[in-house]
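Okay, structure first, notes after.
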Amino acid sequence: MSDAAERTEHDERGARGAEAGGGEDAVRRERRAGAPGPAGTEAAEVPGRGLRERRVAAHRGARRVLAAPGFGTTLRERLALLDGAAELYDLDEASDMYGNGIVEALEEKTAALLGTEAAAFFPTGTMAQQVALRCWAGRTGDPAVALHGLSHPELHERNAFSLVSGLRPVRLTSEPRIPTAEEVRGFEEPFGALMLELPLREAGFVLPTWEELTEVVDAARERDAVVHFDGARLWESTVHFGRSAAEIAGLADSVYVSFYKSLKGYGGAALAGPRTLIEEARAWRHRYGGEVFQQFPTVLSALAGLERELPRLPEYVAHARVVAAALREGFAAAGLPWARVHPEVPHTHEFQVWLPYEAEVVGEAAVRQGEETGTLLFSRGWQTPGPGLAVTEVGVEAAGLRWTADDVRAAVADFAARLTGPPALAAG
């Protein structure tokens, strides 16, 4: 199958979330135009079967993984998420219709966790953030939204801000870090809203310090701009900041959070903020087609995530730091030049690994390790950010807590032994 044909087939399957561990963003990342990722590679010894399909199969069959997210599992396994649902909500209550009942209960719980006056449930974060920012644009009179060049709307939403919502995104920076207060103060054109993605996923799930974040927010206020947080992964940012989710959200005028990324729900998002904003957002939610007839399965899964996964996220973050350190040690012992774990001390329970090989080489080694040993150290796809470089994301969840540092180092040694050919970059 040609690269173009496989990308077409991949597009048709993308919404199914078959990527083990990567979610919808990883599916999009592998098919992004011009990105020679694993979706366009084939294993020579398995004609017609792509590396991505082998990776998903290896993940399903592995005895040991660092994370076991719902993406790529069977419907039966996903339905099991609702086992014990009666402990989450009174199942004898009437089912929801157009956002009442259990949906309102989730909204109230989310607002309480984030310390806001109200919250509204949305089927997607893409819709929630467009609605939030167009509402703010109506209040400020300025459709310009200052954001990062690596933010989700800029890379993964097909220019929806401008094409659908009449907003005008302007890039503060494209550096692999959160924008600075100086960049906000010194930006050469006006903007009505500042949007900050916390953490910034494409840069390695990175976060600023608490002091840096408050300075950036203050700089926006000095320009009379409102502040909106893209908090798809805000839940796991509390450890790095040493603050509660409510304290973090309290810095912004509005915040979006996801229920399916770290919380493992079936989907859905919430927009939280002042009651007047949320009331207007509900009207726009209807106009955007987000007033779904019944949503109780997705909402129950979100309640399950808040009850079961949210309390465990700090434990995942702590162990991710153990895993990251052991990976660095393992790469050094294996003599791999230019190997990098980024950030060296992860800010959340997810981080990047960079290796001096072409993506198809490390991708093949990773899949072979899973197929032949039942241990899948790297379960997500590899991308090529530049010649002779490959990067992947690593997440540590409940399954990863069973790994000791010695386990990680041993898995790295086995993985490195499977790499074919010399590194594409020589040590300097």
When rounded to the nearest 0.5 Å, the distance separating CH2 of W136 from CG of L194 is 13.0 Å
Minimum side-chain heavy-atom gap H349-E315 below 4.5 Å
no
Do any N or O atoms from the side chain of R78 and from the backbone of G265 form a donor-acceptor pair under 3.5 angstrom?
yes
Shortest non-hydrogen pair, Y256 vs G125, comes out as CE1-CA, 3.4 Å
Measure the spacing between CG of L310 and CG of L113 and express it to the nearest 0.5 Å.
6.5 Å
Has S237 got a side-chain atom pairing as donor or acceptor with R233's backbone, closer than 3.5 angstrom?
yes
Determine whether a donor-acceptor pair (N or O, by modelled atom type, separation under 3.5 Å) exists between the side chain of E202 and the backbone of L150.
no
Under a 3.5 Å distance rule, please check whether D96 uses its side chain to pair with a backbone N or O of I102 as donor and acceptor.
no
Is there a side-chain contact between M195 and L133 in this structure, where contact means two heavy atoms from C-beta onward sitting under 4.5 Å apart?
yes
Run the salt-bridge test on E280 and R275 with the 4.0 Å N-O cut-off and return the result as yes or no.
no
Heavy-atom pair of closest approach, residues P356 and L389
CA-CD2, 4.4 Å
Are V170 and V145 side-chain neighbours, meaning at least one heavy-atom pair lies under 4.5 Å?
no
Taking E397 first and then K264, would you say they form a salt bridge - that is, a charged N and a carboxylate O separated by under 4.0 Å?
yes
Would T110 and E107 count as having a side-chain donor-acceptor pair, cut-off 3.5 Å?
no
Can you give me the closest heavy-atom contact between L198 and P208, atom names plus distance?
CD2-CD, 4.0 Å
Are the side chain of E93 and the backbone N or O of D90 linked by a donor-acceptor pair below 3.5 Å?
no
Chi angles and distances behind the side chain to side chain donor-acceptor pair (under 3.5 Å) call for S262, E236:
CA-CA 8 Å; S262 299; E236 58 264 41; 2.5 Å; yes
So does L75 have more than 12 non-hydrogen atoms from other groups sitting under 6.0 Å from CG?
no
I'd like to know if R380 pairs up with E350 as an ion pair, taking the criterion as any Lys NZ or Arg NE/NH1/NH2 lying under 4.0 Å from an Asp or Glu carboxylate oxygen.
yes
With a 4.5 Å heavy-atom cut-off, do L147 and L172 have their side chains touching?
no
Nearest 0.5 Å, please: how far is NZ in K109 from CG in L106?
9.0 Å
Atom CG of L66 and atom OG of S379: how far apart are they, to the nearest 0.5 Å?
7.0 Å
Test item: L271 and F121 side chains (from C-beta on) under 4.5 Å apart, heavy atoms
no
Smallest heavy-atom separation, P190 atom then R223 atom, equals CA-NH2, 3.7 Å
Please confirm whether F293 and Y98 have ring centers closer than 6.0 angstrom.
yes
I'd like to know if the side chain of H228 pairs up with that of Q129 as donor and acceptor (distance under 3.5 Å, no hydrogens or angles considered).
yes
Within the supplied structure, the quantity of interest is the number of heavy atoms (other residues, nucleotides, ligands) at a distance under 6.0 Å from R287 CZ; does it exceed 12?
yes
Stepwise side-chain contact (heavy atoms from CB on, under 4.5 Å) check, R321 with E344
CA-CA 8 Å; R321 295 171 178 176; E344 285 196 359; over 6 Å; no
How about CD on E189, more than 12 heavy atoms from neighbouring residues, nucleotides or ligands closer than 6.0 Å, or not?
yes
Could you state the interatomic distance from CZ (R60) to OG1 (T73), rounded to the nearest 0.5 Å?
7.5 Å
How are the rings of F378 and W382 set relative to one another: parallel (under 30°), tilted (30 to 60°) or perpendicular (over 60°)?
perpendicular
List the atom of L234, the atom of A245, and the distance in Å for their closest heavy-atom pair.
CD2-O, 4.5 Å
So that I can tick it off, tell me whether R201 and E393 are bridged by a salt bridge, with the cut-off set at under 4.0 angstrom between side-chain N and carboxylate O.
yes
Applying the side-chain contact (heavy atoms from CB on, under 4.5 Å) test to W403, which of V396, T375, V65 qualifies?
T375
Tell me whether R177 is salt-bridged to E183, with the criterion being a basic N under 4.0 Å from an acidic carboxylate O.
yes
Determine whether a donor-acceptor pair (N or O, by modelled atom type, separation under 3.5 Å) exists between the side chain of S301 and the backbone of Y266.
yes
Does R312 come within less than 4.0 Å of E309, counting only side-chain N to carboxylate O?
no
I would like to know whether V408 and L327 meet side-chain contact (heavy atoms from CB on, under 4.5 Å); could you show each step before the answer?
CA-CA 6 Å; V408 175; L327 284 170; 3.8 Å; yes
Decide yes or no for F205 and P343: does some side-chain heavy atom of the first lie under 4.5 Å from some side-chain heavy atom of the second?
no
How many angstroms lie between CG in L114 and OG in S254, if you round to the nearest 0.5 Å?
11.5 Å
Looking at F122, is R285 sitting on its ring face, NZ or CZ under 6.0 Å from the six-membered ring centre and within 45 degrees of the normal?
yes
Output, in order, the C-alpha distance, side-chain angles, deciding distance and verdict of side-chain contact (heavy atoms from CB on, under 4.5 Å) for H148 and L200.
CA-CA 9 Å; H148 196 288; L200 186 57; 3.6 Å; yes
Do side-chain atoms of H347 reach the backbone of L207 as a donor and acceptor pair under 3.5 angstrom?
yes
Full working for side-chain contact (heavy atoms from CB on, under 4.5 Å) between C135 and W284:
CA-CA 9 Å; C135 289; W284 281 106; 3.7 Å; yes
What class does the angle between the rings of W210 and F241 fall in, given that below 30° is parallel, 30 to 60° is tilted and above 60° is perpendicular?
perpendicular
Can S95 and Q294 be said to form a side chain to side chain donor-acceptor pair (under 3.5 Å), step by step?
CA-CA 8 Å; S95 182; Q294 289 193 315; 2.9 Å; yes
Within-4.5 Å side-chain heavy-atom neighbours: T238 and S244:
no
Is there a donor-acceptor pair under 3.5 Å between the side chain of H342 and the backbone N or O of A203?
yes
Flag, side chain of W235 to backbone of F259, donor-acceptor distance under 3.5 Å:
no
Kindly give the heavy-atom pair with the smallest separation between R308 and L88, and that separation in Å.
NH2-CD1, 4.0 Å
Check this for me, if you would: do R221 and D253 make a salt bridge, where the nitrogen-to-carboxylate-oxygen distance has to be below 4.0 angstrom?
yes
I'd like to know whether CD of E247 has more than 12 heavy-atom contacts from other residues, nucleotides or ligands below 6.0 angstrom.
yes
Thinking salt bridges, do D407 and R402 make one under a 4.0 Å N-O criterion?
no
So, H152 versus E157: side-chain donor-acceptor pair below 3.5 Å or not?
yes
Could you check if a side-chain atom of Y288 sits within less than 4.5 angstrom of a side-chain atom of R134, using non-hydrogen atoms only?
yes
Quick check: does any side chain N or O of E117 sit under 3.5 Å from a backbone N or O of A272, one acting as donor and the other as acceptor?
no
